[in-house]
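I have placed the structure first, in the form of C-alpha cells, so that the comments after it can refer back to it.
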Amino acid sequence: MKLFLAASMFTSADIAFNLAVKESLRGLATVVLPQEGPILADLLVHKGREEAEREIFDYDLKLITSCDLFLIVLDGLYVDEGAAFELGFAYANGKTCLGYLSDWRKSAPGAWRNPMTIVPLKGIFSDLETLKSFIESAGGL
C-alpha cells in the first residue's frame, strides 16, 4: 500500500515531522514524500521558472495518482496551499483521503474548519498511533 503525505515541507521542522510520519508507518505503507523528489529551488539553478514549476507539478500529480491512500496534515493556522490542491486532486481521482490534525486550535469544540479540507476525508486522526491502527484495520482498502 502506498500513502502520499501532503504537508508543508519548507522548514526543518516540517521536513523532520514528515520523515517521522514516514518512519512511523514503515511496514504498514510505503510513504511517498514530495520533499524527497525534485525541489523547486534546486531545479531553478538549471532550468527556467516555467519549466521547473511544470516539472514539480507533473511529478506531484504522478505521485498522487500512484498512491492508494492520501494523508493531509491540517495543522497550523492555514492548510498548506499545495497540500489543499493535492487533496482536491486526490479526492477527484477516487483516493481514500485521511487527515492528521493535532492542532488544538482547530480541533477544539466549535473551532472553525474549512469544509473543503474536511468533507473529503474518511477520517481525521490526532496522533500517529490511531492513524496506524486505522491503516492496519483497513488492510488493502
Item to check | Between CH2 on residue Trp104 and OG on residue Ser126, distance to nearest 0.5 Å | outcome: 15.0 Å
Checklist entry - Between Ala6 and Phe70, which heavy-atom pair has the shortest distance, and what is it? => result CB-CZ, 3.3 Å
Item to check | Stepwise side-chain contact (heavy atoms from CB on, under 4.5 Å) test for Arg105 and Leu77 | outcome: CA-CA 8 Å; Arg105 296 170 292 183; Leu77 291 177; 3.1 Å; yes
Next on the checklist: Taking the ring of Phe125 and the ring of Tyr100, is the distance between their centroids below 6.0 Å?
Outcome noted: no
Next on the checklist: Do Arg113 and Ile124 have side chains that approach each other closer than 4.5 Å (heavy atoms only, starting at C-beta)?
Outcome noted: yes
Checklist entry - Is the backbone N or O of Ala20 less than 3.5 Å from a side-chain atom of Ser24, with the two atoms forming a donor-acceptor pair by type? => result no
Next on the checklist: Can you confirm whether the side chains of Asn114 and Thr117 place a donor and an acceptor under 3.5 Å from each other?
Outcome noted: no
Checklist entry - Given Val32 and Leu5, is the side-chain contact (heavy atoms from CB on, under 4.5 Å) satisfied, shown in steps? => result CA-CA 6 Å; Val32 176; Leu5 179 62; over 6 Å; no
Checklist entry - Which heavy atom in Asp68 sits nearest to a heavy atom in Met1, and how many Å separate them? => result OD2-CA, 3.3 Å
Item to check | Whether Lys106 side chain and Trp112 backbone form a donor-acceptor pair below 3.5 Å | outcome: no
Tabulate below the donor-acceptor pairs under 3.5 Å that side-chain atoms of residues 85-95 make, not counting sequence neighbours, or state none.
| unit_1 | atom_1 | unit_2 | atom_2 | d |
| --- | --- | --- | --- | --- |
| Asn93 | ND2 | Phe89 | O | 2.8 |
| Lys95 | NZ | Thr65 | O | 2.8 |
| Lys95 | NZ | Cys67 | O | 2.8 |

Checklist entry - Going by heavy atoms in the side chains, are Ile39 and Met9 under 4.5 Å from each other? => result yes
Item to check | Any donor-acceptor N/O pair, Asp80 side chain to Ala7 backbone, under 3.5 Å | outcome: no
Checklist entry - Where do Ser8 and Asn18 come nearest, in terms of heavy atoms and distance? => result O-ND2, 3.1 Å
Item to check | Check: Ile72 and Leu121 side chains under 4.5 Å, non-hydrogen atoms | outcome: yes
Next on the checklist: Within a 6.0 Å radius of atom OH on Tyr59, are there more than 12 heavy atoms belonging to other residues, nucleotides or ligands?
Outcome noted: yes
Checklist entry - What pair of heavy atoms forms the shortest contact from Val73 to Val79, and how long is it? => result O-CG1, 4.3 Å
Item to check | Gap between atom CG of Leu61 and atom OG of Ser66 - 0.5 Å precision | outcome: 11.0 Å
Checklist entry - Is there side-chain contact between Leu19 and Gln35, with heavy atoms separated by less than 4.5 Å? => result yes
Item to check | Audit row: Leu25, Ile135, side-chain contact (heavy atoms from CB on, under 4.5 Å) steps and yes/no | outcome: CA-CA 9 Å; Leu25 297 178; Ile135 293 172; 4.1 Å; yes
Checklist entry - Passes side-chain contact (heavy atoms from CB on, under 4.5 Å), Glu51 versus Leu44? Steps please. => result CA-CA 9 Å; Glu51 183 183 1; Leu44 289 172; over 6 Å; no
Item to check | Cluster link Leu69 to Ile64, ILVMFWY, side chain under 4.5 Å | outcome: no
Next on the checklist: Check Asp58 with Lys62, please: is the shortest side-chain N to carboxylate O separation under 4.0 Å?
Outcome noted: no
Checklist entry - Which atom names give the shortest non-hydrogen contact between Ala29 and Leu3, and what distance separates them? => result CB-CB, 4.2 Å
Checklist entry - Can Arg54 and Glu50 be said to form a salt bridge (Lys or Arg N to Asp or Glu O under 4.0 Å), step by step? => result CA-CA 6 Å; Arg54 172 55 67 176; Glu50 274 187 42; over 6 Å; no
Checklist entry - To the nearest 0.5 Å, how far apart are CG in Leu40 and CD in Glu55? => result 10.0 Å
Next on the checklist: Using side-chain heavy atoms (C-beta onward) and a distance below 4.5 Å, is Thr130 in contact with Asp127?
Outcome noted: yes
Checklist entry - Are the side chain of Asp60 and the backbone N or O of Ile56 linked by a donor-acceptor pair below 3.5 Å? => result no
Checklist entry - When clusters are formed by joining ILVMFWY residues with side-chain heavy atoms under 4.5 Å apart, either directly or through shared neighbours, do Ile15 and Val21 land in the same one? => result yes
Item to check | Side-chain ion pair, Lys132 and Glu136, N-O less than 4.0 Å | outcome: no
Checklist entry - Got Leu74 and Asp103 here, is their nearest side-chain heavy-atom distance under 4.5 Å? => result no
Checklist entry - Do you know the tightest heavy-atom contact between Ser107 and Leu101? => result CB-CD2, 4.1 Å
